[in-house]
Amino acid sequence: MPQLYRILTAVLAFTGCVSLVISGEVNPIMSLTGIGLLPGYYRFLKGMPQAPGLAIGGFSGLTLLIFFFDTLIVSNDYFLGVAHLTITFQAIKSFDLKEPWDHLQVYFMALLQLIIASELTQSIAFGAVFILFLVTLVTAMVLAHFMKEGTVLRIGIRKPVVYISLLTLLITIALFVSTPRISGGVWGKSHIKKIKSAGFSEKVKMGSFGELKLDPTVVMRTELNPMIPGPYYWRGMTLDYFDGTSWNSTLIDTRRSVSRTDDEFIVQPFSGSLVIQKIMLEPIDSDVIFGLDRVISIKGDFIRLEKNPAASLFVHRRGARRLQYVVRTDIVTTTQSTDFGLWKKYLNIPDFLRDKIKAFTDKVLRSEGTKPMSDLRKASMIERYLKKNYRYSLNVKPPDDNINPVLYFLFESKAGYCEHYATAMTMMLRSAGIPSRVVTGFFGGELNEYGDYIIVRQSDAHSWVEAVIDGRWKRFDPTPSVLIERPSALLLYIDMLRMKWERYVVAFSLSDQKEIVKTVSMPFRLPLMPDFRPRGFSGVIYVLLPLSGIVMMLFLLKHLRLRRYGFVTAQYLKLRNIVKNKGAEISPSSTPSEVKQEAVNLGMDGRIEDFLKLYEEHRFGGKEMRGEDRARYRNLIKEIKRQL
Amino acid sequence: MKLSREGKRFLIATALIAVAALNTGNNLIYLILSMMLSILVLSILILRGNMNGLELRVYQLQPVFANGPANMNITILNKKRLITSYSIKVLMPEGIKGETFFPKISGLSDKLKTVPVVYEKRGIFKYGDFFIESSFPFILFSAGILCRVKGEVIVYPEIKETDEIVPEITSGRYEPFLPRTGRGDEFSMIREFRYGDDWRRIHWKTSAKTAKFMVMEYAGEEPRKLTIIFDNLRPHDTESFEKAVSFSASISDRFLSEGFFVRLLTCRKVIPFGSGKEHLFKILDVLAVIEGQDSWECPISDETEGPTILILNSDGSSLNKFIPVSDMVIYASTL
């Protein structure tokens, strides 16, 4: 066995295990057995003998026991249990590689590992592992072919391997792009972990944004058209009720479906120039979706979009998937308030805070005189006061249990982050009689020049204030600006690759396929593809219907082909097929007597002779087969079929 | 196109991955599915491309004896301009044992191989269907194409060592076949050279005059003659019959190589006395295609000349009448 083949087997085994490890989801303790691959393949590459069968059998049995223990107790997840099991089996197999079939087992196991990994991670590292796996698998299979033929040492395999690998890659891409995307979702659950984003649920505890601000995980990548200058406020959730320690959204029951025209959800009517954002939102543990300012419409691969009176947008039954959508936005600083009935909600202050906050607000507003002032001036003053007199800090010690976090921020620490500023301002505005609410979302982001898109991270999570000024909602941001360290060019370049991977591979969708078809068919003015989004059982039906159609067509074609010949010949052709399927050597040139001989060799009795006699009489004798002969002819072939 | 065992497993794995992809809608599983499908598609496309544009040429080196080693020149021509064909296996038609393998045939080139083959039966062999097969590039599918090769080759009966079969013939103790002593130095005549004559006896002067090779013949050189009567009357047992044919060919070869003049009598066909290699092939030509006959219609006299070996089908054969005039009787069933 050539050393190259051994190396390829080792590479495939390692690739499979690595694909699981890079997902970051496997249990390190349960995957420790993977270390066994090192001595196993070292021995194998050095040509050392296999481990004794008893040891292999013993370890395999033990592994199965551990698998049950793992599935039921340690991981408590069948899927992860199988992942750990494959790593251990790969390690055991590395000590027991003899026959070519053993190598194939390693390949299939590595393939299984790759599939499991694809459910555990969607990172670009998987893409690198996948390409390595593809090239190695193709090389190994070509080599296996030459080994089977015994010519491996006589042929230069480099050229065929390079060409075939390239072709495989190209066809893989073509098939990937053209395979219809259907998500059945009939059984099983997704193992893709959602990004924890505590700031975008219906209840946000004060202090939860602090953790987010330290997390550099990318949440969103956005292309803007036209590329307008910042600041960018990616609006998400609105929070209206503060109980002293947490913000809540009380509008959960007021969500309504957004109407849809063709494949676009129209949030509100508008005609004019808009900013288009192509957003790729990572799987976060919230169903809220983000967009700049006043969202006019959304186009995306989801069934239902919902909106609450505070203009927050939600995707119905989002699941753990990456969302890709296009938002058309009207960039404005104020929007008409239509939720007058809710203004009372937006003036709510916890009783135990009311007096202190009121006194403090009055003090702030009086600092510039006692003349009556407009709501806008009041709001601007409060915003300016907080920006000027308070320090931005993520390292704020939490207050003692008996001290309220808002009061602690306003009167003691005088330092905090967006959440503190927004809460304080909202409370102050409300105490001044101005309806206001906290909005959570993202602020800013880094422009990646390599891909002309904006990267938004968890650390860009932000909260700000919206207040009703002269009947319109206006945005205020009392948080002082902070200098952000810009990532290096290399990191930006890597992120661009990630963006491409996620945009064109992980998030490739039916909409993209439609776009391709539209672009390709443009010169020919073909009708547009119908808009259907097969999911769940309907998806399965969409697959089964064409499949059953193809099967039926093949069946009909086969029978029509026989019909072309008439009854006598069709039955004779059927006989030939029956005999051929039983292993006889029947070629197109085989004569009836040769067919007979083959059938006799297969143990057929005189019925074949009777059948062929009838065939020859009616096929060549100018007689038409009728009545009794016809029935006998038909029965004979049935009997022959049964006998063979 | 046939699926190999590995191919079947690969196909099942692909089907399962397809189900997983459809169920989850996970693009990475779609990616793996696309890889599996592309390997399957390429297996078929490359295999077809590999087999296209190939031409098979066959030339059988003569002579060919049944069940004996023979060499066949097989040439495969790759008519494709750019594509190299790999791993081409040539399978022989039924009746010829042997196969050959061409690991690589570059575009617009040919490869010749001399292949040891064994023909299983005597007779006129029509080449018929050669089969070119390949499973390149992977081990998932194999495909073959039939190559109809026109032409035929005569396959002579198997020549065996006769010592073991009938030791008395060649033991040197059986009187009729012992070499005779004669007056070998008594000049008799000058005659034309015949195949098998000793070159040293060429009479150069006469040869020069007549412009033909002439040899001197001596009175004492009376040829040693052997008649083989081969019983090919029906009915006969096929296996014994074939053994008898092979035996006849073997003793013809044996005695002709010892300088005997050998005559073969069969139903309908007679090869008169003659010697040398050329004569052997005349006999073999008859034996190669000999079949059972219903009646003894020997066109020449039944009289024997020199020692006679009678090869009988069975005790009840109607050629029993030759037993009295035969020096040796061999029953096919004992061979």
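Atoms considered below: every heavy atom in the structure, side chains included; atoms not considered: hydrogens, waters and symmetry mates. Chain naming here is simple, since letters A, B, ... match the order of the sequence lines and numbering starts at 1 in each.
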Return the minimal non-hydrogen interatomic distance between [X] and [Y], and the atom names on each side.
X      : Y      : answer
A/V505 : B/L31  : CG1-CD2, 4.2 Å
A/L175 : B/S38  : CD1-N, 3.5 Å
A/W501 : B/L28  : CZ2-CD2, 3.5 Å
A/H145 : B/F138 : ND1-O, 3.5 Å
A/I164 : B/L42  : O-CD1, 3.8 Å
B/M35  : A/L134 : CG-CD1, 3.5 Å

Please classify the contact of [X] with chain A as side chain, backbone, both or neither, using a heavy-atom distance under 4.5 Å.
X      : answer
B/L16  : neither
B/A13  : side chain
B/Y86  : side chain
B/F136 : both

Heavy-atom side-chain proximity of B/S87 to A/K148 below 4.5 angstrom: no
Toward chain B, the part of A/F176 with a non-hydrogen atom under 4.5 Å: both
Worked verdict on B/S134 versus A/E149 for side chain to side chain donor-acceptor pair (under 3.5 Å): CA-CA 10 Å; B/S134 178; A/E149 302 293 1; over 6 Å; no
Point-to-point distance, once rounded to the nearest 0.5 Å, from CD of A/Q122 to CG of B/N26: 5.5 Å
